[in-house]
Amino acid sequence: MPEPLDAALTEVRTLLLDPTLTRAVAAGRRRGRRPTVARAELRPVTLKAGPRLQIATSDGVRPYTRNVAPGAESAAAVDELLAEPFGNWHVETADATLQLRVTKSGEAQVHRAATARPAAAPAGHDRAKEYLLDPGDEIFAEIGGSAAKRRQVDAFLRALAATLPDELTGSLRVVDLGCGNAYLTFAAYRYLSRRGLDVELIGVDVREDQRRRNTELAQRMGWADKVSFVAGTIADAVVDPAPDLVLALHACDTATDEALARAVRWEARWVLAAPCCHHDLAKQLRAQPAPTPYDLLTRQGILRERFADVLTDALRAGLLRVHGYRSEVVEFVDSQHTPRNLLIRARRTGTEATGAQCAEYRELVDQWRVTPRLETLLATAEQPPVA
């Protein structure tokens with residue numbers, strides 16, 4: 001039920017000044033109004049001078065952080081933020097969590113909950129799952145998404161965490177190819193930046209309206225200086241300089257091949273691609289009889305389609321190995337959440353492929369008389385634009 005906004009903000013003020021505050025974020029904007037800052041984050045810190053309330057704000061270009069003393073100074077700073085026309089507040093204390101959204105009519109939609117406390121796991125049982133990106137994180141109020149989608153993104157982030165070395169520090173340039181509504185883009189930035197990395201992330205999608213939408217969203221969250229978007233195809237979009245990490249979540253059919261080809265040409269250090277659909281090789285398999293004695297593998301349509309999936313991703317992994325990557329195909333999320341649950345994960349070693357590895361790939365291709373799209377792309381002498 002909508003509530004009067006003034007009363008709801010008074011409640012928010014009480015929680016922000018509560019000694020048990022753990023974290024709070026203000027973002028978004030109200031209808032027809034724009035805050036002077038794009039985002040504000042508050043959290044308690046302990047300095048040599050004693051406890052302080054840390055307030056980090058961003059104007060969409062650069063961050064600004066200040067630490068204010070408890071009492072009148074904190075109260076004045078909080079009142080300044082509450083006077084800003086933010087569209088959303090997310091506040092967490094040791095005992096309660098409050099989420100406030102300002103409706104189009106200027107009222108407050110408020111959700112209150114007790115802060116969940118981890119319970120001791122019963123003997124013989126695993127602990128409750130800990131998410132790399134809390135499903136209650138305030139970014140989901142901005143980017144939306146179902147619970148199943150959030151589980152899928154968490155699984156992808158776990159695969160990412162397992163791919164990057166624990167000791168990785170400094171800057172990291174990332175590109176998300178075929179980013180769509182940028183759900184993974186924003187989640188990956190949130191996770192990687194919280195690891196202490198200086199992340200610059202570019203999302204690529206063919207649709208100009210998606211670029212505008214995602215850019216506006218990055219501005220609302222105060223990340224426009226670190227997260228940007230370009231409109232273009234996976235094969236041709238301008239990305240400069242080359243990224244360290246390439247992501248591609250569910251790029252359909254040969255779009256996955258285009259993403260992998262660009263990653264190889266960029267000599268990206270890490271690649272994570274979750275393929276979606278495998279029509280290209282399936283079509284080639286339908287056009288000719290299977291080699292002896294494998295006719296039973298492709299005679300039935302459903303088996304032929306599933307085999308095409310396996311063959312496509314096996315050849316992709318083999319080609320990555322030929323081009324200096326250590327690659328593996330893993331299940332990154334349970335099939336009950338999505339049937340497209342395989343992930344090609346690769347790390348560049350720069351090691352030249354052995355004759356046996358090249359022969360193994362070529363023998364499989366020749367036996368099935370197929371031409372993988374990734375092979376064609378990598379054989380093309382023309383480089384994609386980088387500037």
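Sequential numbering from 1 along the given sequence is applied to the chain's residues.
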So CZ of R190 and CE of M221: to nearest 0.5 Å the spacing works out to 8.5 Å
Under 4.0 Å between a Lys/Arg side-chain N and an Asp/Glu carboxylate O for D313 and R316? yes
Atom CZ in R30, atom CD in E84: separation rounded to 0.5 Å? 9.0 Å
Can you tell which of V365, T254, D257 makes a side-chain contact (heavy atoms from CB on, under 4.5 Å) with P372? V365
Check this for me: does any side-chain nitrogen of one of R173 and E200 sit under 4.0 Å from a carboxylate oxygen of the other? yes
Give the minimum heavy-atom separation between L21 and L16, together with the two atoms involved. CD2-O, 3.4 Å
How many angstroms lie between CG in L168 and CG in L172, if you round to the nearest 0.5 Å? 6.0 Å
Determine the minimum heavy-atom distance between A231 and E208, stating which atoms define it. CB-OE1, 3.4 Å
Note, T22 side chain near R43 side chain (heavy atom, < 4.5 Å): no
Validation row, ring centre F186 to ring centre F229 under 6.0 Å: yes
Are the side chain of Q288 and the backbone N or O of W368 linked by a donor-acceptor pair below 3.5 Å? yes
Are Y325 and W270 an aromatic pair, judged by ring center distance below 6.0 Å? no
